[in-house]
Number of protein chains: 2
Amino acid sequence: MNDDCWVPPTVLLAVDLVILTLRESQLQVLLIERGVAPYRGSLALPGGFLNHDQEDLLTAAHRELDEEAGLGPEELHLEQLGVYGTPGRDPRGRVVSVAYLAVTPRLPEPVAGTDAADAKWTPVAHALSDAAPLAFDHRQILADGVDRAREKLERSALATAFCGPTFTIVELQEVYEAVWGVRLDPRNFYRKVQSVDGFIVPAGPTRRTDGGRPARLFKPGPHTTLHPPMTRPQGPTGKEKT
Amino acid sequence: MNDDCWVPPTVLLAVDLVILTLRESQLQVLLIERGVAPYRGSLALPGGFLNHDQEDLLTAAHRELDEEAGLGPEELHLEQLGVYGTPGRDPRGRVVSVAYLAVTPRLPEPVAGTDAADAKWTPVAHALSDAAPLAFDHRQILADGVDRAREKLERSALATAFCGPTFTIVELQEVYEAVWGVRLDPRNFYRKVQSVDGFIVPAGPTRRTDGGRPARLFKPGPHTTLHPPMTRPQGPTGKEKT
DNA sequence: TGAATAGTGTCTGTGAGACACTATTGT
DNA sequence: ACAATAGTGTCTCACAGACACTATTCA
């Protein structure tokens, strides 16, 4: 089957980042407008090729995160999402891309003067719609990333990664509502989230709001996996397979 | 940051397969004994490099599955597990490997006369122990694969992929017990599994056993996601993070 | 005082787990 | 008849969801 002189083919390796945050109660993703061909002018996920032959994948992801979004590696949730390597997905040749999922609490204005200052926060619903066709197969990658985030909210403390160092329970609820695309009962959520062992712990006193009773502040607890898990109402949001 | 003449580095791309099955009520994995350096003589997951420049990743995984395990693509659960690309993981150079998880119901004897006839079913517990050091980072890949399987048993109909076209409920229970490493109450499991909508449906009459009442036969139902999910007893099996 | 938001009490239905019990086979 | 395995009934406890109610702030 193999020639004696057969050598395995090589491919170009890239990383792509799905960077999610919550802005204006909406799930948003960081997109950049491509300045070079291919797909020049289209929106795309931040990403790029490995810098050199010995660069680790996760290191490369962090480097791109810093270059294109100005976000350092401190306390930033970063998780491998999958590999996208269909031949023809990139017109430049055989490019295999490793996608990473990142979640950030911060609300920096459209990212300061960085390498790619044309980075824009975009509502996920819009980025996935037909109105804004993304470059390459980035729409699929984004969809997979959002799906992953939805699942991880159930069994992990990922939701706190959307919030600042301290947060109110209502803020946490907004994360669940935005990512899952559902409405939750505040009273039941209030007790449920506190009954999960090690999920959140009280932090400091209270925070004033628009004119109601001030809310208690919490910070992430010691556990990253939730027992019992948060239960997502079965709804039209999660794609059901028949 | 980039030279004008900078070109992105290329890497070698491989696929590795975690092929799980149930034999003698144990979760077992298909391993091959390497005939060539590096790690000659060690046990390793089946896998190999891309055949050519335009081969799709999933296609390559199916090809290796066929070559090394004699398993065709028919009705075989195959799912991307992750990418393993740490520099130095392969002494031959920069090799990035895409791992796939496969689950098979069949119990072919140690695989017929195929390309790699030294493929062996090995209990996962043994393969993960220090007694049988696997080549490369395959121990980590295997551990990740088993973890993924454990999670998927909860929310998907993956368990039926371990069984033949028809199966009894006790057989299905043995899958859960072996993969999760727990004991379940047969009576509660019996009703639970039937209450999950579209998980399993009756098939044919009954199957005789060693000397008790014959069991009804079932086959996989139309749904691949389980509502509500099967609940795994919290135990020392699933790694808890603190 | 009233609007607004935070937080509590309590009921009800569903489902998990425990386990006594019945049903159907081989020897 | 008895052992062995399949399948049913039923109780109890925990928890999700619904929702009335209390608490604390600002205007």
Side-chain angles (χ1 to χ4, degrees), chain A residues 25 153-155 159 163 166-177 180-219 226-235 237-238, chain B residues 25 153-155 159 163 166-177 180 182-219 225-235 237-238:
Chain A
S25 294
L153 282 202
E154 295 185 56
R155 318 186 78 85
C163 302
T166 65
F167 47 85
T168 69
I169 289 192
V170 173
E171 286 169 355
L172 196 60
Q173 179 181 344
E174 285 169 353
V175 172
Y176 278 90
E177 291 185 334
W180 282 350
V182 297
R183 298 292 297 179
L184 302 172
D185 184 296
R187 288 100 72 179
N188 291 332
F189 184 86
Y190 188 90
R191 266 165 314 143
K192 167 66 182 177
V193 81
Q194 286 191 93
S195 75
V196 176
D197 186 50
F199 187 9
I200 59 175
V201 296
T206 58
R207 171 186 296 170
R208 53 229 150 276
T209 58
D210 330 87
R213 172 174 175 175
R216 281 189 273 187
L217 285 175
F218 293 83
K219 61 183 178 184
L226 305 185
H227 297 291
M230 302 292 291
T231 51
R232 162 164 50 158
Q234 81 288 31
T237 309
Chain B
S25 294
L153 283 202
E154 295 185 56
R155 318 185 77 87
C163 302
T166 65
F167 47 85
T168 68
I169 290 192
V170 172
E171 286 169 355
L172 196 60
Q173 179 180 345
E174 285 168 355
V175 172
Y176 278 90
E177 291 185 333
W180 282 351
V182 297
R183 296 292 296 177
L184 302 172
D185 184 296
R187 289 100 70 178
N188 291 332
F189 184 87
Y190 188 90
R191 267 166 311 143
K192 166 65 183 179
V193 81
Q194 286 190 94
S195 76
V196 176
D197 187 48
F199 187 10
I200 59 174
V201 296
T206 57
R207 171 186 295 171
R208 51 228 151 278
T209 57
D210 331 88
R213 174 175 174 173
R216 282 189 272 189
L217 285 175
F218 293 83
K219 60 183 179 184
T225 58
L226 304 186
H227 297 288
M230 302 293 292
T231 50
R232 161 164 51 159
Q234 82 289 31
T237 308

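Quick note on labels: first sequence line is chain A, next is B, and so on, each numbered from 1.
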- Where do A:Thr231 and A:Trp180 come nearest, in terms of heavy atoms and distance? O-CZ3, 3.7 Å
- Mapping B:Pro229 and B:Asp185 to their closest nucleotides on DNA chain C, which lands nearer the 5' end? B:Pro229
- So, for B:Pro228 and B:Lys192, which heavy atoms are closest and what is the spacing to 0.1 Å? CG-NZ, 3.7 Å
- Message: Please find the pair of heavy atoms, one from B:Tyr176 and one from B:Met230, that lie closest to each other, and give the distance.
- Response: OH-CG, 3.4 Å
- Message: For B:Arg155, give me all partners under salt bridge (charged side-chain N to carboxylate O under 4.0 Å, His left out), at least two apart in sequence or on another chain.
- Response: A:Glu154
- Message: Regarding B:Arg191, tell me which of base, sugar-phosphate or nothing describes its non-hydrogen contacts under 4.0 Å with the strands shown.
- Response: base
- Query: Nearest heavy-atom pair of B:Leu226 and B:Leu153: which atoms, and what distance?
  - Reply: CD1-O, 4.1 Å
- Mark yes or no for a side-chain to base donor-acceptor pair under 3.5 Å between B:Asn188 and C:dA18, with no hydrogen or angle criteria applied. yes
- Message: Pair B:Glu171, B:Val175 - check side chain to side chain contact (heavy atoms under 4.5 Å, CB included), show working.
- Response: CA-CA 7 Å; B:Glu171 286 169 355; B:Val175 172; over 6 Å; no
- Message: Between P on C:dT5 and CZ on A:Phe189, what's the gap in Å once rounded to a whole number?
- Response: 18 Å
Return the polar atom pairs (N/O with N/O) between nucleotides 23-27 of chain C and the protein under 3.5 Å, or none.
unit_1, atom_1, unit_2, atom_2, d
C:dA23, O4', B:Arg213, NH1, 3.4
C:dA23, N3, B:Arg213, NH1, 3.4
C:dT24, O2, B:Arg213, N, 3.4
C:dT25, O2, B:Gly211, O, 3.1

- Quick note, salt bridge (Lys or Arg N to Asp or Glu O under 4.0 Å) partners involving residues 182-191 of chain A, not counting sequence neighbours, are A:Glu177-A:Arg183, A:Asp185-A:Arg187
- Please report how far the helix from C:dT1-D:dA27 to C:dT27-D:dA1 bends, comparing the axis fitted to its first five pairs with the axis fitted to its last five, to the nearest 10 degrees. 10°
- Write down the distance between CZ (B:Arg232) and P (C:dG17), rounded to a whole number of angstrom. 13 Å
- Message: Distance check, rounded to the nearest 0.5 Å: A:Arg216 atom CZ versus A:Tyr190 atom OH?
- Response: 3.5 Å
- Assign A:Arg216 to base, sugar-phosphate, or nothing according to its heavy-atom contacts below 4.0 angstrom with the strands shown. sugar-phosphate
- Query: Under a 4.0 Å heavy-atom cut-off, which of residues 193-202 of chain B touch DNA chain C?
  - Reply: none
- Item | Any B:Lys192 side-chain nitrogen or oxygen under 4.0 Å from OP1 or OP2 of C:dA16 | yes
- Item | Value in whole Å for how far the C1' atom of C:dG15 lies from CG of B:Leu226 | 15 Å
- Of all heavy-atom pairs between A:Thr168 and A:Ala215, which one has the smallest distance, and what is that distance? CG2-CB, 3.7 Å
- Note on the structure: Outer limits of DNA chain D sitting under 4.0 Å from a non-hydrogen atom of chain A, read 5' to 3', are D:dA16 to D:dC26
- Task: Measure the spacing between CD1 of A:Ile200 and CG of A:Leu217 and express it to the nearest 0.5 Å.
- Result: 10.5 Å
- Residue pair B:Phe189 / B:Ile169: nearest heavy atoms and the distance that separates them: CE2-O, 3.6 Å
